[in-house]
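As the structure is a prediction and not an experimental result, all values here were calculated from the model.
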Amino acid sequence: MAAHAIVSSQSAERRRVAFALMLTLPIAVLWWTGVRAEPLRLAPPSVESAALNAPVRTPADAAPALPPSPALEKKQRYNVVVLGDSLGDGTWAGLYHVLRKDKRFNVIKKSRVATGFSRQDYYDWNEAAREIAADTRMDIAVVVMGTNDRQPIVRDGKRHALFDDEWRGIYRARVDDFTATLKASGARIYWMELPVMRSPRFGADMEQFNEIFEDRAAANGVAFVKTEGLATGADGGYTAYGEDRFGRTRLLRAEDGIHFTMAGYELLGDRIAGAILADMEGGAVLANAAPPTDRPVTLSVVEEASDEPEKAERYDMVDRRPGRSDDWLWLGATN
């Protein structure tokens with residue numbers, strides 16, 4: 001009996017071991033299959049980098065190169081940057097009023113009163129142009145300069161009288177350098193002719209500046225925008241009153257006989273805008289040029305042209321010198 005009991009116990013134990021093996025063998029097979037398929041998985045798929053799981057491309061099946069960017073469309077927005085003196089300030093305001101409903105243009109003021117090319121020690125426009133180009137994309141540059149330049153030029157300790165030969169040589173070189181800097185930024189340049197002045201002597205000097213500007217514009221291949229017929233009488237001479245851009249008789253000139261009211265500045269702005277739009281419609285190349293690689297280019301904040309009269313206190317009137325023309329007031333309402 002005892003021997004029979006021992007045999008029965010051993011048989012039962014063997015059955016339990018066999019049953020346990022039957023249960024664990026499928027689990028072991030499944031585990032081994034998983035390990036072979038994904039060895040050493042340390043993170044769930046949801047947190048693994050997609051780049052690590054992406055198939056490696058060979059040069060033969062690499063993604064095709066993207067096509068180059070299309071040329072600038074005519075309706076894309078342009079930065080129109082106005083540079084110059086106090087007359088440039090007003091021209092910026094007039095141009096802003098003329099173009100403010102045309103969403104293709106940002107009109108940006110970078111003019112500075114009481115400046116020009118004669119007193120490079122006071123304000124260096126060539127250096128200023130480089131600084132402007134470094135932080136503002138210039139697609140179109142409008143230049144209004146000259147009313148503060150009726151001064152001698154001092155260079156290397158030598159004084160050169162207004163309009164003498166050496167003075168002209170230095171002045172032309174400064175105009176050329178300034179133009180070259182603007183062109184290097186990719187800007188298309190529109191240089192505005194100085195308008196008729198009330199004072200015959202002052203006006204005669206402005207005509208000499210216009211001769212220089214027109215000559216250098218032709219030599220440098222930039223547009224020279226004529227102002228003849230704007231704010232002039234029937235004889236082409238100075239007049240304070242005349243037709244604004246809507247055909248109404250208005251006060252167009254400020255009391256100093258040099259600057260303009262807003263109605264007058266809108267006439268100047270309209271003339272410049274007409275030249276720009278004519279070039280666009282005529283197929284002129286206005287596309288953005290690639291900026292130099294060593295100059296970061298960002299879009300500056302556009303200043304809004306105010307409808308309120310400009311206050312004379314804004315200008316540095318205390319430091320007036322002979323030849324400067326920044327003693328003026330805004331007159332007349334805004335169109």
> Report the residues that fulfil salt bridge (Lys or Arg N to Asp or Glu O under 4.0 Å) with Glu243, sequence neighbours left out, ordered by chain and then residue number.
none
> Apply side-chain contact (heavy atoms from CB on, under 4.5 Å) to the pair Glu266 and Asp244, showing each step before the final yes or no.
CA-CA 8 Å; Glu266 287 182 357; Asp244 65 8; over 6 Å; no
> Would Ile170 and Phe117 satisfy side-chain contact (heavy atoms from CB on, under 4.5 Å), going step by step from the backbone distance to the final call?
CA-CA 9 Å; Ile170 296 170; Phe117 296 125; over 6 Å; no
> Check whether any side-chain heavy atom of Tyr265 lies under 4.5 Å from a side-chain heavy atom of Leu95, and answer yes or no.
no
> Working to the nearest 0.5 Å, report the span between CG of Leu267 and OG1 of Thr91.
11.0 Å
> What heavy-atom pair brings Gly116 and Asp149 nearest, and what distance separates the two atoms?
CA-OD1, 3.3 Å
> Tell me if the centroids of the rings in Phe105 and Tyr96 come within less than 6.0 Å of each other.
no
> Spell out, yes or no, whether Val196 and Phe209 are grouped together once hydrophobic residues are joined by side-chain heavy atoms under 4.5 Å, including indirect joins.
no
> Mind checking salt bridge (Lys or Arg N to Asp or Glu O under 4.0 Å) for Asp164 and listing every partner two or more places apart, or none if nothing turns up?
none
> What is the minimum heavy-atom distance between Ala93 and Met262, and which atoms define it?
CB-CE, 3.7 Å
> Show the nearest heavy-atom pair for residues Leu230 and Arg271, with the distance to one decimal.
CD2-NH2, 3.1 Å
> Do Thr261 and Arg250 have side-chain heavy atoms sitting under 4.5 Å apart?
no
> Can you list the residues that meet the side-chain hydrogen bond (donor to acceptor under 3.5 Å, both in side chains) rule with Glu214, with sequence neighbours excluded?
Lys226
> With side-chain contact (heavy atoms from CB on, under 4.5 Å) as the test, would you mind laying out the steps for Lys109 and Val82 before giving the verdict?
CA-CA 5 Å; Lys109 180 169 73 68; Val82 181; 5.6 Å; no
> Consider only side-chain heavy atoms of I, L, V, M, F, W and Y, link residues closer than 4.5 Å, and tell whether Phe224 and Leu87 are in one cluster.
yes
> So does Thr136 get a backbone contact from the side chain of Lys110, meaning a donor-acceptor N/O pair under 3.5 Å?
no
> About how many Å separate CZ of Phe260 and CG of Leu268, when rounded to the nearest 0.5 Å?
4.5 Å
> Please identify each residue that fulfils side-chain hydrogen bond (donor to acceptor under 3.5 Å, both in side chains) with Thr179, with sequence neighbours left out.
none
> Would you please name every residue forming a ring pair (Phe, Tyr, Trp, His ring centres under 6.0 Å) with Phe213, sequence neighbours left out?
Trp191
> Quick one: CG on Asn210 to OG1 on Thr227, what's the gap to the nearest 0.5 Å?
6.5 Å
> Going by the rule side-chain hydrogen bond (donor to acceptor under 3.5 Å, both in side chains), which residues pair with Asn126 if we only count those two or more places apart in sequence or in a different chain?
Thr181
> So, using side-chain hydrogen bond (donor to acceptor under 3.5 Å, both in side chains) as the criterion, who are the partners of Arg168 when residues are at least two apart?
Gln208
> Can you check whether Gly84's main-chain N or O pairs, donor with acceptor, with Ser111's side chain at less than 3.5 Å?
no
> Please name all residues satisfying salt bridge (Lys or Arg N to Asp or Glu O under 4.0 Å) with Arg216, sequence neighbours left out, ordered by chain then number.
Asp176
> Quick one: does any side-chain atom of Trp167 pair with a main-chain N or O of Gln151 as donor and acceptor, under 3.5 Å?
yes
> Using a 3.5 Å distance criterion without hydrogens, assess whether the side chain of Asn220 forms a donor-acceptor pair with backbone atoms of Val222.
no
> Look at Arg104 together with Asp102 and state whether they make a salt bridge at an N to O cut-off of under 4.0 Å.
yes
> If you take all heavy atoms of Thr147 and Phe202, which pair is closest and at what distance?
O-CZ, 3.9 Å
> Restricting to salt bridge (Lys or Arg N to Asp or Glu O under 4.0 Å), what partner residues turn up for Lys101, sequence neighbours left out?
none
> Which pairs pass salt bridge (charged side-chain N to carboxylate O under 4.0 Å, His left out) with one or both residues in residues 197-212, sequence neighbours excluded?
Arg150-Asp205
> In plain terms, say whether Asp279 and Arg188 are close enough for a salt bridge, that is, a side-chain N and a carboxylate O under 4.0 Å apart.
yes
> Name the atoms and distances for all side-chain donor-acceptor pairs under 3.5 Å in residues 234-242, with sequence neighbours left out.
{"residue": "Asp235", "atom": "OD1", "partner": "Gly237", "partner atom": "N", "Å": "2.9"}
{"residue": "Thr239", "atom": "OG1", "partner": "Tyr241", "partner atom": "O", "Å": "3.0"}

> Is the shortest heavy-atom distance from the side chain of Arg159 to the side chain of Val154 under 4.5 Å?
yes
> Quick check for you: to the nearest 0.5 Å, what is the distance between Glu131 atom CD and Asp124 atom CG?
9.0 Å
> Only counting residues at least two apart or in another chain, list the ones meeting side-chain contact (heavy atoms from CB on, under 4.5 Å) with Leu182.
Leu83, Ala129, Met138, Ala141, Val143, Phe178, Ile189
> Of all the heavy-atom pairs spanning Asp139 and Arg77, show the shortest one and how long it is.
OD2-O, 4.1 Å
> Could you tell me the separation between the CD1 atom of Ile140 and the OH atom of Tyr78, rounded to the nearest 0.5 Å?
7.0 Å
> About how many Å separate NE2 of His97 and CZ of Arg245, when rounded to the nearest 0.5 Å?
9.0 Å
> Ignoring hydrogens, what is the shortest heavy-atom contact between Trp125 and Arg112? Give both atom names and the distance.
CZ2-N, 4.0 Å
> Other residues, nucleotides and ligands only: do more than 12 of their heavy atoms fall within 6.0 Å of CG on Asp165?
no
